[in-house]
Amino acid sequence: MPTLLVLDAEPPPRLGKLTGRARIEHADASTLAERLPSADVLLVWDFTSHAVRAAWPGEGPRPRWVHTASAGVDHLMCPELAASDTVVTNARGIFDQPIAEYVAALVLTMAKDLPRTWELQRERTWRHRESQRVAGTRACVVGSGPIGRAIVASLKALGITTALVGRTPRTGIHGPEDLDRLMARADWVISAAPLTEQTYGMFDARRFGVMQPSARFVNVGRGQLVVEDALVDALDKRWIAGAALDVFEREPLTPDSPLWQVPNLIVSPHMSGDVVGWRDELGSQFVELYERWEAGRSLPNVVDKQRGYVPGH
C-alpha cells in the first residue's frame, strides 16, 4: 500500500475515499525531512509553507509524486527537486473563475469609487460624485495561463478591451516584448503571472513609470512580481491613480506595514481565489489525481519544473 504523506494545515484535507488504498501519514515543518524518505506521494496541503524547499535536499529516497494544493509552485521548488524524476502537479483549474471574479470586483470597486462611498456613509455625508465607465476602457493582463484567460473573459464581459501577455507570443497572446507598449495604453494592468526567474520584480519603477496617470494596477499573481517600494512611490507621486494588492512579498502583512495606509491602495489578505467550499474542491481534485496515479494513468496538471508552471497554455 503506497504511503501518502500530507504536509498539514488546518483544516486538514478530506481523504476518506482513500481509506484502505493509501497509508496516510502527516507531517509539519519540523518532521517533514525525517518522513520524506518513507513517502511515495507528498500532498502539500499547507501551500504557504516553505518546508518542502528546506527538507527536500536531505538524505534518503524521495516521493515519486508531489502535489501542491495551489496554483503556484515557487514555495516548494528547489534545485534538487527540479533535477529529480519526481512528478510535480498543481491545483490548476480550481482558482481560475474565483480569481477572475475578484479582479472584476476590484476593477468595478475602483472605477465606481466604492471605498470613498463607504467612508462617506460612515461619516453620514451626502456628497455626489461622478464615477468612471469601465466599458470602452483598456486592460493589459499579464499571465496567459488559465487564471489570466479567465480574467480576460470576465473583463471582456464588462466591455473592456483586453490584451493578454504571456511568455511566448502566439495567436491571441502577446509576448514580453509588447508589455511596455500595452501597459502605456492600458487603464487597467492586471498581474496574474507565475513567479519565475524572468518574472521576479518585473513590475518596478520603470514599468510603473510607463503607465498612464489615470491607470490602476492589480496584482493577484505572486507578491514577488512587484517591487513594493516602487509601487508605493508611484502612488505617492500619483504616477498612477490606484492599485489593489492581494498578494505580497512577505505574508501576512505586519500591523506596522506601511502598505496599510498608502493612498489609493486596496489591500486584501491573499483571498482572491478562496471561495466557500474551495478546500473541499482541492481535496476532491487530489483524490481524483490519486486514483489516476494509482491506476498508472498519466496525470494532468504536471508542472514543468524548470519553467515553474504547467506548460501548454
Side-chain angles (χ1 to χ4, degrees), residues 99 102-119 129-143 148 151-152 155 158 160-166 174-195 198-251 253-254 256-270 272:
I99 292 178
Y102 200 86
V103 169
L106 288 173
V107 166
L108 289 170
T109 293
M110 289 187 280
K112 304 306 177 184
D113 196 24
L114 294 183
R116 184 57 178 153
T117 295
W118 292 326
E119 291 174 7
R129 288 144 20 250
E130 295 178 345
S131 64
Q132 180 183 0
R133 186 197 303 269
V134 298
T137 60
R138 296 175 180 269
C140 172
V141 178
V142 185
I151 291 170
V152 167
L155 297 183
L158 295 174
I160 299 174
T161 301
T162 308
L164 183 60
V165 179
H174 296 268
E177 63 277 3
D178 292 333
L179 180 55
D180 287 355
R181 175 178 61 82
L182 293 170
M183 286 183 63
R185 300 173 59 193
D187 301 288
W188 314 96
V189 175
I190 315 297
S191 165
L195 181 61
Q198 292 72 33
T199 62
Y200 190 98
M202 67 183 299
F203 295 103
D204 55 12
R206 187 186 66 78
R207 284 256 160 78
F208 292 125
V210 305
M211 292 175 63
Q212 301 181 79
S214 59
R216 280 125 170 162
F217 175 79
V218 176
N219 187 20
V220 290
R222 307 298 286 175
Q224 293 83 357
L225 299 174
V226 177
V227 179
E228 291 176 353
D229 288 345
L231 175 60
V232 170
D233 193 48
L235 290 167
D236 285 340
K237 293 178 178 177
R238 298 186 180 181
W239 289 357
I240 61 175
L245 299 179
D246 186 57
V247 288
F248 302 86
E249 186 174 358
R250 295 179 182 83
E251 297 181 6
L253 285 187
T254 58
D256 60 349
S257 170
L259 292 174
W260 292 110
Q261 295 183 313
V262 176
N264 299 314
L265 174 63
I266 297 174
V267 168
S268 59
H270 203 151
S272 60

Please report the shortest heavy-atom distance between [X] and [Y], naming the atom on each side.
| X | Y | value |
| --- | --- | --- |
| Val227 | Gly201 | CG2-O, 3.8 Å |
| Ala192 | Val220 | CB-CG2, 4.3 Å |
| Pro176 | Gly166 | CD-O, 3.3 Å |
| Asn264 | Ala241 | CB-O, 3.4 Å |
| Ala230 | Ala205 | CB-N, 3.5 Å |
| Ala243 | Leu231 | CB-CD1, 4.0 Å |

Check this for me: [X], atom [atom1], are more than 12 non-hydrogen atoms of other residues, nucleotides or ligands nearer than 6.0 Å?
| X | atom1 | result |
| --- | --- | --- |
| Glu177 | CD | yes |
| Arg133 | CZ | no |
| Arg238 | CZ | no |

What's the separation between atom [atom1] in [X] and atom [atom2] in [Y], rounded to the nearest 0.5 Å?
| X | Y | atom1 | atom2 | value |
| --- | --- | --- | --- | --- |
| Ser272 | Leu245 | OG | CG | 11.5 Å |
| Ile190 | Ile99 | CD1 | CD1 | 12.5 Å |
| Thr199 | Arg222 | OG1 | CZ | 10.0 Å |
| Leu265 | Glu228 | CG | CD | 9.5 Å |
| Leu106 | Trp188 | CG | CH2 | 9.5 Å |
| Thr161 | Leu155 | OG1 | CG | 10.5 Å |

Ignoring hydrogens and geometry, is there a side-chain-to-backbone donor-acceptor pair from [X] to [Y] under 3.5 Å?
| X | Y | value |
| --- | --- | --- |
| Trp260 | Thr254 | yes |
| Glu249 | Gln224 | no |
| Ser214 | Gln212 | no |

Under 4.0 Å between a Lys/Arg side-chain N and an Asp/Glu carboxylate O for Asp178 and Arg181?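 The answer is yes: the pair qualifies as a salt bridge.
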Between Met110 and Val218, is the side chain to side chain contact (heavy atoms under 4.5 Å, CB included) condition met? List the steps. CA-CA 10 Å; Met110 289 187 280; Val218 176; 3.7 Å; yes
Donor on one side chain, acceptor on other, [X] and [Y], under 3.5 Å:
| X | Y | result |
| --- | --- | --- |
| Ser131 | Asp113 | no |
| Arg129 | Thr117 | yes |
| Thr137 | Asp187 | no |
| Arg216 | Gln132 | yes |

Would you check, one step at a time, whether the test side chain to side chain contact (heavy atoms under 4.5 Å, CB included) holds for Tyr102 with Asp246? CA-CA 10 Å; Tyr102 200 86; Asp246 186 57; 4.2 Å; yes
Please report the C-alpha distance between Phe248 and Ser257 in whole Å, then the side-chain angles of each, then the deciding distance to 0.1 Å, and finally whether the side chain to side chain contact (heavy atoms under 4.5 Å, CB included) criterion is met. CA-CA 11 Å; Phe248 302 86; Ser257 170; over 6 Å; no
Between Thr109 and Pro115, is any pair of side-chain heavy atoms under 4.5 Å apart?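 The answer is yes, as the side chains (C-beta and beyond) meet within the 4.5 Å cut-off.
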Test side chain to side chain contact (heavy atoms under 4.5 Å, CB included) on Phe217 and Met183; report intermediate values, then the result. CA-CA 10 Å; Phe217 175 79; Met183 286 183 63; 5.6 Å; no
